[in-house]
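Okay, structure first, notes after.
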Amino acid sequence: MNRSTSTNAIVLSLRPLGENNSSVTLLTPEDGIVYAVLYGGPKSRLRSLVAQWNSGKVWLYENAEKNQIKISDFEVKNFHESFGKNLYKLYAASLAAELAIKTKSAGSTEQCFNLVSGFLDGMELCDEAQCRVGLIRFLWRFLELLGVQPQSHACSSCGKPFLDSRFAPDAISYYNSMENSFICPSCGSAENAIPVSNAAVQYLSALTVLSPSEARKLSIDEETYGQIRQLVFFLIENSIEQKLNSIETGMGIL
Ligand SMILES: [Zn+2]
């Protein structure tokens, strides 16, 4: 049976298919990753609309005999034009796309779409410094979607909440990879634990209770950012158990 449908979508990537056509990877709220064919050369109207990172409403035509989905129209709502002018944004967007593809939308297509879509739209409005912190928040929320976000609201040893703890911001807490949790400065270290400042754990803890708009208002200093970045990248690479090309090639940029 052949049918036409329309859905919201983000164009994650395009690659050439034959002489004039492209194979397009879309992220959608209902079906997660969708591979569709775009007919027409570089001069076609549709080709200029279906460009990487553009998002909006796509019309798809499913041909059951050919086992193929074709893009029949695309109404762009957000162009994300700044990604082509800023290397950091480009790599951060590629990382988000790669995560959505490799985790098959983390098993939650609608939430994954909303998370990636919010991240890309947010980056378009932000400068690079804001995007750096935005990527950390995105990855932390992606860990939650994958169901592997470490418990960060309280010390896993004594149960004291990190947010109202009286430890100095630079007091050392630990991430315990065996239990996927944090240990407060007074409970000390565990075997193979990764040291992180109390300020870093407090920031992550705050992210889990605040709305995205509230979380954007929190500020962190350069050192805390560096610690959280290292930890969150470690956790995300560990959780999907494969190398992420965008992190490998974006080394020194991301
Ligand atoms: Zn403790």
Side-chain angles (χ1 to χ4, degrees), residues 92 95-96 99-100 102-103 105-108 111-112 114-116 118-119 122 126 129-244 247 250-251 254:
L95 176 55
L99 278 172
K102 287 194 169 161
T103 64
S105 291
S108 319
Q111 283 151 296
C112 181
N114 291 339
L115 190 59
V116 172
F119 177 53
C126 289
Q130 292 167 315
C131 289
R132 285 182 185 274
V133 193
L135 177 61
I136 284 181
R137 289 196 302 268
F138 169 78
L139 294 175
W140 185 248
R141 295 195 194 283
F142 207 90
L143 288 168
E144 184 184 18
L145 208 56
L146 288 167
V148 294
Q149 187 188 73
Q151 189 243 87
S152 64
H153 77 278
C155 168
S156 62
S157 180
C158 70
K160 267 194 216 113
F162 281 103
L163 273 182
D164 29 278
S165 80
R166 300 194 176 180
F167 300 114
D170 59 350
I172 301 299
S173 299
Y174 291 89
Y175 167 69
N176 179 358
S177 57
M178 296 301 287
E179 294 182 7
N180 199 27
S181 65
F182 292 95
I183 302 165
C184 80
S186 61
C187 290
S189 171
E191 225 175 302
N192 301 321
I194 301 170
V196 276
S197 70
N198 196 48
V201 188
Q202 283 187 326
Y203 182 76
L204 294 174
S205 182
L207 289 188
T208 58
V209 292
L210 296 177
S211 70
S213 65
E214 289 173 316
R216 274 197 292 275
K217 292 180 198 142
L218 296 177
S219 65
I220 42 171
D221 61 30
E222 199 55 37
E223 200 185 329
T224 308
Y225 163 79
Q227 288 188 359
I228 299 175
R229 179 193 165 281
Q230 204 174 3
L231 179 68
V232 171
F233 273 55
F234 167 79
L235 292 173
I236 207 85
E237 286 202 284
N238 250 10
S239 65
I240 70 159
E241 291 171 345
Q242 51 179 317
K243 289 272 174 219
L244 285 159
I247 292 184
M251 195 98 72
L254 285 176

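Just so it is clear, the values below take in all heavy atoms, side chains as well, and ignore hydrogens, waters and symmetry mates. Indexing begins at 1, ligand by ligand and atom by atom, following the structure's order.
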* Contacts of Ala199 that satisfy side chain to side chain contact (heavy atoms under 4.5 Å, CB included) - sequence neighbours left out -> Pro169, Ser197, Thr224
* Structure fact -> d(Phe142 CZ, Leu235 CG) to nearest 0.5 Å is 14.0 Å
* Ring geometry between Phe138 and Phe119 (parallel below 30°, tilted from 30 to 60°, perpendicular above 60°) -> parallel
* side-chain contact (heavy atoms from CB on, under 4.5 Å) evaluation trace for Arg216 with Gln130 -> CA-CA 9 Å; Arg216 274 197 292 275; Gln130 292 167 315; over 6 Å; no
* Structure fact -> Ignoring waters, protein N/O/S atoms under 2.8 Å from the Zn ion (ligand 1) are Cys155 SG, Cys158 SG, Cys184 SG, Cys187 SG
* Asked: With distance as the sole test, does Arg229 use its side chain to make a donor-acceptor pair with the main-chain N or O of Leu254 at under 3.5 Å?
  -> yes
* To do: Taking Asn180 for its side chain and Val148 for its backbone only, find out whether a donor-acceptor pair lies under 3.5 Å.
  => yes
